[in-house]
Amino acid sequence: MTQLPQTTPVSPKLPPRRSWAGRSWFQGVQEVAVPPLIFLCACVTVLTTLGIIAVLGVETVRFFRASGVGLVEFLAGPSLNPKADPPRYGILPLFWGTFVIAFGSSLIALPVGLLSAIFLSEYAPRGLRSVLKPTLELLAGIPTIVYGYLALLLVTPVLKAVLEPAIRVEFYNALSGCVVVGIMIIPMVSSLSEDVLSAVPRGLREAAYGLGATKFEVATRVVLPAGLSGVIASFILAISRAVGETMAVLLAVGVKPQITLNPLRSMETMTAYIVNVMKGEAAVGSAEHLSLYAVGMALFVITLVMNIISGIILKHFREEYD
Amino acid sequence: GCGGCGGSASKPVVVDGSSTVYPISLAAQEAYTNSVEGTPRIIVDYHGTGGGFGRYAEGEVDIVDASRPAKPEEEEKARASGFEWTRYVVAHDGITVAVNPENAFVDALTVGQLRSLFEPGSAVDSWDDLDPSWPDEPISLYTPDDDSGTYEFFVKDALGMDGQREDVQPSADDNVLVSGIAGDAGAIGYFGFAYYAANRDKLRAVPIKADADAEPVSPSVETIYDGSYAPLSRPLFIYVKDAAMGRPEVADFVAYYLENVADLAEEAGYVSPTEDERAENLDGLSRAKGGTPAPAAAE
Amino acid sequence: MSIEQQQRPALDASAPAPAAPAPAGDSVLAARGLSVWYGSTRALRDISIEIPRHRITALIGPSGCGKSTLLRCFNRMNDLIPSFRMEGGLEFDAEGISGAEVDPVTLRRRVGMVFQKPNPFPKTVYHNVSWGARINGYTGDMDELVERSLRRAALWDEVKGKLHRSGLDLSGGQQQRLCIARTLAVEPEVILMDEPCSALDPISTARVEDLMEDLKDDYTIVIVTHNMQQARRTSDMTACLMLDDPRGSGHRPGVLAEFSPTDVLFTTPKDPRTEAYITGRIG
Amino acid sequence: MSIEQQQRPALDASAPAPAAPAPAGDSVLAARGLSVWYGSTRALRDISIEIPRHRITALIGPSGCGKSTLLRCFNRMNDLIPSFRMEGGLEFDAEGISGAEVDPVTLRRRVGMVFQKPNPFPKTVYHNVSWGARINGYTGDMDELVERSLRRAALWDEVKGKLHRSGLDLSGGQQQRLCIARTLAVEPEVILMDEPCSALDPISTARVEDLMEDLKDDYTIVIVTHNMQQARRTSDMTACLMLDDPRGSGHRPGVLAEFSPTDVLFTTPKDPRTEAYITGRIG
Amino acid sequence: MYRPRRARRRAFGALFAGLCLAATLSGVVVLVVLLGSVLAKALALEPNPPWYALGEQARELSSFLGRIATATNSPNPDLAGFKAGIVGSLWLLLLVAMIAIPVGVGAGLYLEEYAPPGRLRRTIQTNIANLAGVPSIVYGILGLVAFSRAFGFEAVALGKMLWAGALTLSLLVLPIVVITTQEALRAVPSSLRQAALALGATRWQVIRDHVLPSALPGILTGTILALSRAIGETAPLLMVGAANSILYPPAGPSDYYTALPVEIYNFATLPREEFRSVAAGGILILLAILMSMNAVAISLRTPTGRVLAGRAIAQLGRIGWTAGRAVRPSGRRPSPALDPAGGGPASDASPENQARGAEPR
Ligand SMILES: Nc1ncnc2c1ncn2[C@@H]1O[C@H](COP(=O)(O)OP(=O)(O)OP(=O)(O)O)[C@@H](O)[C@H]1O
Ligand SMILES: Nc1ncnc2c1ncn2[C@@H]1O[C@H](COP(=O)(O)OP(=O)(O)OP(=O)(O)O)[C@@H](O)[C@H]1O
Ligand SMILES: [Mg+2]
Ligand SMILES: [Mg+2]
Ligand SMILES: O=P([O-])([O-])[O-]
């Protein structure tokens with residue numbers, strides 16, 4: 001389709017067509033130039049991924065060289081202190097902090113998000129839904145720094161007021177991080193699940209109603225199971241967002257790498273560690289500075305795996321009804 | 001590397017380094033901006049003293065805020081990259097050990113107690129471990145980032161230790177420490193005097209006894225200026241790249257900074273340098289400018 | 001349509017005796033002056049019809065004339081459509097069923113429905129059949145009920161070996177019979193069928209038609225179909241709906257053009273529009 | 001269909017002279033042993049047909065027998081379907097058009113197409129008609145071309161006051177004629193029409209049929225229709241496609257059952273399947 | 001045989017419905033509480049008029065916001081403001097729009113309209129879906145190494161320039177732009193494409209003249225939402241060197257910069273209560289920018305919005321069309337018969353006529 005004949009073949013039966021000039025050179029240039037150009041655009045996205053992998057990979061190798069830390073020690077070491085002598089680079093405390101935030105925020109976001117999704121898809125009249133859904137989505141559009149600010153300003157003081165003096169609440173604590181991150185990811189669950197539940201074919205609902213089912217039974221025993229894989233995919237996406245969340249946890253949870261079961265104490269997530277090292281004073285090229293890339297690599301791999309899993313689940317769901 | 005910066009405007013003056021000195025440089029940045037025509041292009045960041053020196057050696061920084069003298073290896077590195085500098089004293093600081101105001105029982109701490117509290121592997125985790133008359137309540141610690149200038153001075157110079165215990169809430173940002181201690185009844189921490197001065201209503205400074213028999217001394221402008229707040233008093237510096245003094249915008253800013261250093265230090269909550277130190281600063285300035293006496297020196 | 005299929009109408013015509021229609025008398029469902037709107041557009045105007053018990057009634061008419069709408073009124077399936085609004089009376093066993101006090105959930109158990117596109121639940125065959133009975137609190141032997149329903153739906157022999165396979169693994173025709181079995185399992189009195197064969201191949205269609213014939217003794221069946229031959233073959237009574245005569249450019253609601261015994265309607269239609277429709281000249 | 005409509009076949013039958021079919025001889029499009037697959041399922045098997053110039057050729061047959069597929073082969077519209085694959089020859093003006101070296105863009109300009117659902121561009125009427133000409137480098141007077149095309153499509157009088165209103169504001173029938181006008185504006189030699197009237201009301205249908213009759217002098221028209229009456233009324237030649245005889249359970253490709261002058265095919269079909277189809281017994 | 005237990009089932013149903021409603025509303029309530037507390041905090045700076053004096057409150061709030069929008073950073077909370085950050089963020093917005101929209105729309109076009117189905121396309125597609133889930137901090141790392149340091153090539157390293165932040169954010173939002181573009185393109189009915197192709201149009205002509213204009217409102221909605229994500233990001237900017245304190249707004253993309261959310265972060269971590277209020281004010285400004293962007297995006301989804309956008313696009317299209325056409329002499333003035341006979345709105349017709357009138361003969 002790139003090379004265009006400039007003249008149109010003329011049928012013997014029709015009068016010659018003096019009025020048709022064929023396409024202009026300008027058109028020809030576009031025809032030739034556009035496909036490679038937009039192909040390059042598509043390549044940018046691939047280059048981005050390659051770039052991320054290359055940057056993280058190279059610097060991670062440099063980190064392991066510079067620090068002399070082994071992979072097992074890095075991944076499973078229970079203590080993180082680059083300034084100790086000798087420095088210790090076990091990122092288990094970071095995994096733990098990240099896990100606590102992801103788990104705690106899921107406890108809030110998954111049930112609330114799922115119930116909201118069911119309400120929006122099964123109960124809410126159309127008008128209400130068209131107002132509520134974007135309103136909930138606003139929660140996801142608020143910059144994460146605002147959530148961090150609110151954790152400091154609102155959530156932690158409330159926790160203190162309620163729990164203290166009976167239980168000590170540290171100023172930076174995991175629970176307030178869980179609360180704000182949980183709120184932040186509610187719309188991921190509610191919006192995506194709502195899409196999935198609404199996509200459950202109407203025929204299934206009608207079949208159930210036709211058998212004398214109540215709305216509750218239709219929603220929980222027919223629609224939800226039918227959309228379950230999609231709902232689970234939305235859960236995973238939301239959790240992966242919680243894992244990657246940075247500013248809110250940096251402000252709310254603090255930067256204290258420790259493994260503790262007490263959610264009222266400070267912890268450190270992988271993301272917060274990265275920013276903290278960056279903002280801190282480790283010299284560029286030092287093992288401590290390079291450790292941020294290694295942690296970044298771990299973070300990237302974790303979220304990538306979660307995204308891939310949810311992608312696979314979602315794809316299966318789509319195929320079921322196509 | 002800022003090879004392509006020249007495009008739209010001249011290179012700005014970049015100040016980076018100690019978070020302790022940051023408020024003074026911030027005050028200088030604002031006052032200088034207000035005092036001249038137009039908008040001088042000055043950037044003030046903080047990445048800790050060590051971070052500042054590191055970036056200086058990379059050529060990214062014109063003026064390093066430092067809360068301790070440069071270490072020999074830092075001097076070495078700067079010289080190796082061909083960036084000679086001149087050092088100026090811009091304030092005196094007393095590292096303030098602060099607790100939450102709800103904590104009324106800690107009337108004073110000895111240097112020995114500080115040492116046992118902060119030493120590596122310390123077993124102190126409740127107040128009665130320090131003094132049996134204090135309640136059995138947990139302690140939480142907020143300290144500057146492990147090799148910030150403040151940390152370095154407090155741990156190594158003042159307490160004579162090699163390092164510090166690890167179960168602390170470290171931050172390169174002293175504001176984070178202040179917020180942390182202000183929000184935590186069992187907290188104790190240390191940071192520059194300015195951060196205490198700005199938050200007197202939210203913190204309580206603990207008087208320090210040089211040894212068990214000495215009188216407790218609270219940090220204040222007077223005690224720091226006269227040196228009686230020991231051993232936690234220290235001078236604060238800026239290190240200015242000599243080569244950058246050739247750029248009028250840097251020279252003007254540094255001149256303004258040093259001429260008004262007394263006011264700026266106080267505005268930022270620190271104690272002004274002594275007369276001698278100020279005179280030495282102006283000397284150094286005129287030397288760095290290539291022998292021309294600074295205009296202020298004539299006044 | 002296979003050769004076998006093509007002979008069926010003749011078969012029907014040669015033995016019309018057992019299916020002799022019973023016009024009024026014992027009617028199980030009735031609409032009286034029924035009008036329906038979706039939002040502001042009227043879909044049905046002033047429909048009055050009585051569906052005889054234990055007979056098969058066919059609804060025919062051009063696309064969009066409101067056949068499905070009428071059918072779905074009978075078990076209040078239209079309640080699910082927010083813009084739906086109706087006027088006039090609807091009766092089931094001589095009781096009004098259109099009031100707010102009537103529980104549509106109970107009604108739907110007694111007036112079952114089979115849809116155009118087979119829509120088994122994405123669960124096992126067993127589950128598909130037992131689910132409706134279970135939510136309705138069936139206390140008897142479930143295995144027996146499942147078998148009985150599948151047998152009635154002429155599906156037992158084909159699926160008895162795969163009761164615990166997904167209902168979606170069956171062929172289209174099997175799926176449709178599974179949906180019928182599912183409906184039978186809650187023991188309704190009326191079965192509404194909306195073009196139940198339009199997604200099926202001729203052989204499956206023949207199966208479902210045979211099945212309807214079987215079920216007639218115990219159930220009342222109302223079937224919507226676009227296929228004239230099918231209406232002729234299967235039904236005792238036929239109602240022909242038409243789009244109202246056009247006046248101006250507005251939307252045209254459906255009206256009931258004619259309601260007669262099937263052989264009467266197809267041989268000597270009274271309404272000229274009906275005639276035009278069944279001879280294929282319009283629609 | 002209005003009363004007026006119902007009389008048209010008779011009218012046609014009374015004056016068959018001007019539309020006397022010219023069987024082979026001068027053919028403009030031809031398929032030779034054409035087989036088509038979508039992925040692994042075969043949609044057409046071994047079709048050979050020659051479309052006569054300046055005649056109207058109708059393609060009829062049951063749903064899914066491949067009428068649209070065949071039509072879309074003629075202007076290589078199927079190229080857009082990734083799974084599409086064909087074997088055999090296709091010719092236009094005695095030149096092969098199925099090869100990779102043939103530019104389908106040029107071909108499509110000469111073999112225009114009108115679709116089942118009217119699909120005007122969401123632009124002004126003027127724009128709708130002029131766009132095709134413009135991209136093909138028309139250098140003449142555009143206003144005149146637009147007027148001429150709209151006149152030929154029997155639409156000028158209805159839209160001349162609203163040339164700069166959106167094409168979507170027209171009625172369905174007007175939209176379909178607009179699509180025809182749009183096709184005429186690029187001066188094709190053949191116009192392919194895929195069920196062009198199935199979305200239209202009877203009056204609009206009559207308009208389009210009249211228009212086809214008009215266009216026949218200058219264009220070759222191939223029309224797919226489900227409507228036997230329409231095929232009889234409008235076409236000179238009729239091709240009847242059928243699903244291949246079933247063997248086993250697999251997919252059945254379409255084959256050409258019969259291709260004859262229209263009145264021959266409808267009065268004395270040679271193929272028994274054709275006969276069964278046109279008398280409405282199957283399909 | 002049947003014990004339907006209708007009452008129990010109905011009660012269950014009602015309970016569950018109530019639960020679902022409560023969950024949904026809790027989200028809304030949280031939103032209101034969040035905004036309310038930010039607002040309250042922002043107002044706390046000034047000596048407070050009573051809460052019921054709404055007019056006075058509003059006046060105070062607007063004067064406060066006005067002040068912090070025009071003042072720069074300062075150690076004194078009464079003088080501190082966000083001017084440098086606001087200008088920096090607007091610069092970022094502009095640059096990201098200029099980079100991410102063309103590249104993202106191009107990539108979307110390629111994948112939807114050009115890429116042959118197959119391995120390559122599937123790979124790119126999966127890749128984009130995964131990129132959309134990569135944490136923003138990882139983009140920050142990428143930006144730090146690839147743009148700020150240019151993998152060690154000093155000569156092209158962007159250091160702490162605005163460019164570095166803008167490129168990083170562009171990569172961050174690129175997947176969103178691509179995905180929404182694809183969705184918008186998919187929503188264009190294929191009948192439109194077929195109609196155009198059947199007239200002998202090339203693929204590009206079809207896309208340029210029909211597909212893109214039809215998809216544009218959808219694309220715009222998506223890109224605006226993507227941009228609003230970009231303007232709220234903080235973490236990647238901390239990685240690529242947005243400054244802590246800078247008192248002058250950047251003069252261009254090669255200047256040093258800071259951004260509104262970075263300044264908010266700085267103020268939020270300052271200990272003095274007054275700075276919290278300043279931060280709250282900054283948040284209100286940021287939210288106001290975001291909400292207005294969202295409002296535009298949502299209004300593009302409404303029919304009127306679509307029509308308006310369509311009009312605007314049509315105008316742009318005509319300008320482009322005229323430019324393309326100017327290289328070839330053709331056409332002439334419209335005949336009077338073709339002028340709208342009072343039918344069409346003049347705005348629709350006149351640009352067309354002017355364009356034609358302006359052409360070389
Ligand atoms: N949910 C709905 N909302 C709005 N209008 C509707 C709805 N369902 C049906 N209609 C309209 O009501 C009219 C009757 O529709 P209905 O589905 O009952 O027709 P039908 O006779 O079953 O047609 P078909 O033979 O195509 O199934 C049609 O004009 C249709 O557009
Ligand atoms: N894009 C496609 N991909 C796969 N199969 C297709 C595609 N288009 C058509 N087919 C199949 O090819 C066969 C012929 O289809 P086609 O649309 O040509 O039939 P038709 O005679 O036009 O039917 P109708 O009368 O319903 O329009 C059918 O079995 C159809 O399912
Ligand atoms: Mg229907
Ligand atoms: Mg077709
Ligand atoms: O920031 P410091 O002053 O602690 O180096």
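Order of the sequence lines sets the chain letters (A, B, ...), proteins ahead of strands, with each chain counted from 1.
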ask   = Is there a donor in the side chain of C:Thr225 and an acceptor in the side chain of C:Gln230, or the other way round, less than 3.5 Å apart?
value = yes

remark   = When the 4.5 angstrom heavy-atom criterion is applied to C:Leu80 and chain A, the contacting part is side chain

ask   = What do the steps show when you test A:Phe99 against A:Phe103 for ring-ring contact (aromatic ring centres under 6.0 Å, His included), and what is the final call?
value = CA-CA 6 Å; A:Phe99 170 77; A:Phe103 181 77; 5.6 Å; yes

task = Quick one: do C:Asp79 and C:Arg76 satisfy salt bridge (Lys or Arg N to Asp or Glu O under 4.0 Å)? Show the steps, please.
result = CA-CA 6 Å; C:Asp79 284 19; C:Arg76 292 196 42 188; 3.0 Å; yes

query = Can you list the residues that meet the ring pair (Phe, Tyr, Trp, His ring centres under 6.0 Å) rule with C:Tyr219, with sequence neighbours excluded?
reply = none

Atom group of C:Phe121 that falls short of 4.5 Å from chain A, counting heavy atoms = both

remark   = Between C:Ala153 and C:Ala181, the two heavy atoms sitting closest are CB-CB, 3.6 Å

key: Flag for C:Tyr38-C:Thr69: side-chain donor and acceptor within less than 3.5 Å   = yes

key: chain C contact via A:Arg202 - which portion, at a heavy-atom distance below 4.5 Å   = side chain

message = Suppose a student defines contact as a heavy atom less than 4.5 Å from any heavy atom of chain A. Which residues in residues 103-111 of chain C would they list?
response = C:Val105, C:Arg108, C:Arg109, C:Val111

inquiry  = Donor-acceptor pair, distance only, cut-off 3.5 Å: does the side chain of C:Thr41 make one with the backbone of C:Trp37?
reply    = no

